Amino acid sequence: MENEVGIEEKKSLDKIYTIKGSIFIFLGITARIVVLYYYYYIHLLNPYISWGDAHRNYYYEYGEHYPLLTQIFIVVFVFLSFGRFEIFVLWAYFWDLLTCLMFYFVIKSFNIKNKEYAFGFFLINPLFFFINTFSLEGCGYHITDAFFLFFFFLALIYYPRKERYARYLFYIFLGLSMCIKYYTIPAIGFLFIKFLYEKNWGELKIMGILIIPLVIVLIFLPLFYLPYHYVALAIWNLKGSYVPRFIRALPFICIFTLFIVYRLEKSDIFEVLIISMVAFGTYLFFSWPFLRWFQSIIFYGILKEREFFRFKLNLGFIKREIIVNNHMLTFYLSFIGVFYSILIIIFYL
């Protein structure tokens with residue numbers, strides 16, 4: 001009898017999660033459509049409002065500090081805009097929405113319970129929305145970050161799978177994401193040490209064969225025949241020149257060292273990727289103080305499934321059990337990130 005009650009209660013909770021998830025998904029997608037129309041409308045009223053990264057990327061000669069592969073993607077979509085900046089903005093919206101929708105397949109691949117619920121919480125996550133879609137300054141699209149997330153999410157889709165081909169695709173897409181943006185580059189060092197310590201020669205060989213050539217061809221070799229790669233490094237360093245380089249590198253060194261000493265042995269590859277992005281983000285923060293560098297924490301919070309605690313709420317007319325899990329906690333903690341983002345805009349930009 002108790003088992004039957006437990007099964008019925010579980011079915012009831014799953015139904016509630018599904019309904020909530022569907023509502024959140026609808027709200028998240030609708031909000032992104034509304035924002036696109038909002039951007040066109042406010043710039044129609046006032047053409048002098050900044051289009052932000054969308055404008056800079058369209059006139060890509062001002063964005064030559066991007067890696068070679070990113071430049072290629074920008075050139076392709078500028079060409080596909082047929083000389084109309086408004087079409088390029090539509091492409092930026094498309095890539096923002098595409099990467100958001102791809103995260104559902106990441107959740108599905110990680111076999112997260114209540115997939116719609118988890119995906120819905122991701123779509124309405126205020127920090128992810130604020131740093132990738134909406135901006136108080138005019139336009140919040142960062143198409144180059146969307147290129148990175150596209151390949152990074154593809155890598156995560158294949159990460160949990162055990163088939164041989166899936167391991168190859170995981171490392172190929174991970175390597176391509178590194179060549180779009182440098183966020184996951186430190187993972188090469190982390191994983192090399194991890195595989196060496198574990199004597200996991202098979203995984204080390206696959207990573208070396210698939211990622212290293214991509215990094216050499218698309219990042220290292222262009223340094224010898226594309227001068228703007230040097231300009232890119234100079235821009236990053238000069239932007240944060242008010243802080244000594246040792247101080248800028250200190251948080252990265254601390255995270256790298258502490259993780260290797262206390263956590264690397266117990267961690268999985270996904271955790272290594274997240275830590276590498278956070279560590280690199282601490283260095284980037286001194287050049288451009290954006291919380292965008294730390295959005296990988298959101299992915300970790302959603303994909304590392306965990307229930308923290310539950311309690312019964314009894315307010316007379318409202319009686320229900322509240323379950324505080326990783327999805328809910330990530331959502332509410334993101335409001336703190338939004339608050340700090342606004343402070344950065346006010347006091348720095």
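The chain is numbered in sequence order, starting from 1. Predicted model only: the values in this text are computed from it and were never measured.
Between the side chains of E86 and Y39, not a single donor N or O lies within less than 3.5 Å of an accepting N or O.
Using the six-membered ring where Trp is involved, F82 and F79 have ring planes that are tilted, between 30° and 60° apart. Taking the six-membered ring where tryptophan is involved, the planes of H43 and W51 are essentially parallel, since the angle between them stays under 30° and well short of 60°.
F335 has its ring centre no less than 6.0 Å from the ring centre of F339. The ring of F256 has its center closer than 6.0 angstrom to the ring center of F190. In this structure, the ring of F290 has its center no less than 6.0 angstrom from the ring center of F294. In this structure, F110 has its ring center closer than 6.0 angstrom to the ring center of F270. In summary, the aromatic rings of F24 and F121 are positioned with their centroids under 6.0 Å apart. Taking the six-membered ring wherever Trp is involved, the centroid distance between the rings of F77 and W95 falls below 6.0 Å. With ring centers used as reference points, F153 lies under 6.0 Å from F299. Here the two rings, on W91 and F94, have centers that are under 6.0 Å apart. With ring centers used as reference points, Y104 lies under 6.0 Å from F119. Under the 6.0 Å cut-off for aromatic ring centres, Y159 and F170 qualify, their centroids lying closer than that.
Listed here is the closest heavy atom pair of S177 and T184: OG-OG1, 3.7 Å. The two atoms that bring I49 and I42 nearest to each other are CD1-O, 3.8 Å, heavy atoms only. Scanning all heavy atoms of the two residues, the minimum distance from L68 to P222 falls at CD2-CG, 4.0 Å. The minimum heavy-atom distance between I302 and N326, with the atom names listed, is O-ND2, 3.1 Å. Shown here for A155 and F173, the closest heavy-atom pair between the two residues is N-CB, 3.7 Å. Across every non-hydrogen atom of I211 and Y171, the tightest pair is CG1-O, 3.3 Å.
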Next item on the list: Evaluate the criterion side chain to side chain contact (heavy atoms under 4.5 Å, CB included) for residue pair I143 and F88; output intermediate values, then yes/no.
Entry: CA-CA 10 Å; I143 193 171; F88 185 77; 4.3 Å; yes

Q) For N57 and Y66, what are the C-alpha separation, side-chain angles and deciding distance, and is it a side-chain hydrogen bond (donor to acceptor under 3.5 Å, both in side chains)? A) CA-CA 10 Å; N57 292 325; Y66 290 128; 2.8 Å; yes

Evaluate the criterion side chain to side chain contact (heavy atoms under 4.5 Å, CB included) for residue pair F73 and V76; output intermediate values, then yes/no. CA-CA 5 Å; F73 270 92; V76 168; 5.7 Å; no

**Item:** side chain to side chain contact (heavy atoms under 4.5 Å, CB included) assessment of I131 paired with S341
**Value:** CA-CA 8 Å; I131 61 182; S341 294; 4.2 Å; yes

**OP:** Test V34 against Y37 for side chain to side chain contact (heavy atoms under 4.5 Å, CB included), laying out the working first.
**Re:** CA-CA 5 Å; V34 170; Y37 281 98; 6.0 Å; no

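T70 pairs with exactly one of T144, L218, D145 by the side chain to side chain contact (heavy atoms under 4.5 Å, CB included) rule, that one being T144.
Contact check on K266 versus E271 returns no salt bridge, with no Lys/Arg side-chain nitrogen under 4.0 Å from an Asp/Glu carboxylate oxygen. In summary, D268 and K194 do not engage in a salt bridge, as defined by a charged side-chain N under 4.0 Å from a carboxylate O. Classification of E163 and R161 as a salt-bridged pair fails, no side-chain N sitting under 4.0 Å from a carboxylate O.
Under a hydrophobic clustering in which Ile, Leu, Val, Met, Phe, Trp and Tyr are joined whenever their side-chain heavy atoms come within less than 4.5 Å, directly or via other members, Y262 and L191 fall into different clusters. Clustering ILVMFWY residues whenever any of their side-chain heavy atoms sit less than 4.5 angstrom apart, transitively, puts Y141 in a cluster other than the one holding L44. In the hydrophobic clustering of ILVMFWY residues, with side-chain heavy atoms under 4.5 Å counting as a link, L221 and L69 come out together. In the hydrophobic cluster analysis, where Ile, Leu, Val, Met, Phe, Trp and Tyr join through side-chain heavy atoms closer than 4.5 angstrom, V261 is grouped apart from L250.
Within the 3.5 Å criterion, the main-chain N or O of I157 finds a donor-acceptor partner in the side chain of S109. With hydrogens and angles ignored, the 3.5 Å screen pairs no side-chain donor or acceptor of T257 with any backbone N or O of C254. The backbone N or O of K113 sits less than 3.5 Å from a side-chain atom of E305, completing a donor-acceptor pair. Within the 3.5 Å criterion, the main-chain N or O of G52 finds a donor-acceptor partner in the side chain of S50.
Annotation: the span from M102 atom CE to F151 atom CZ amounts to 9.0 Å, rounded to 0.5 Å. Between the CG atom in L214 and the CD1 atom in I172 there is a gap of 7.5 Å [rounded to 0.5 Å]. Once rounded to the nearest 0.5 Å, the distance linking OH of Y197 with CD1 of I260 reads 12.5 Å. Note that CG of N132 and SG of C100 are 7.0 Å apart. Values are rounded to the nearest 0.5 Å. Here CD of E116 is found 11.5 Å from CD1 of I19. Values are rounded to the nearest 0.5 Å. Rounding to the nearest 0.5 Å places CD1 of I193 at 11.5 Å from CG of L204.
By the 4.5 Å heavy-atom criterion applied to side chains, Y40 and V89 are counted as neighbours.
When the shell of 6.0 Å around OH of Y41 is examined, it contains 12 or fewer heavy atoms from other residues, nucleotides or ligands.
Remark: R248 fails to qualify as a cation-pi partner of F286 under the 6.0 Å distance and 45° angle criteria applied to the six-membered ring.
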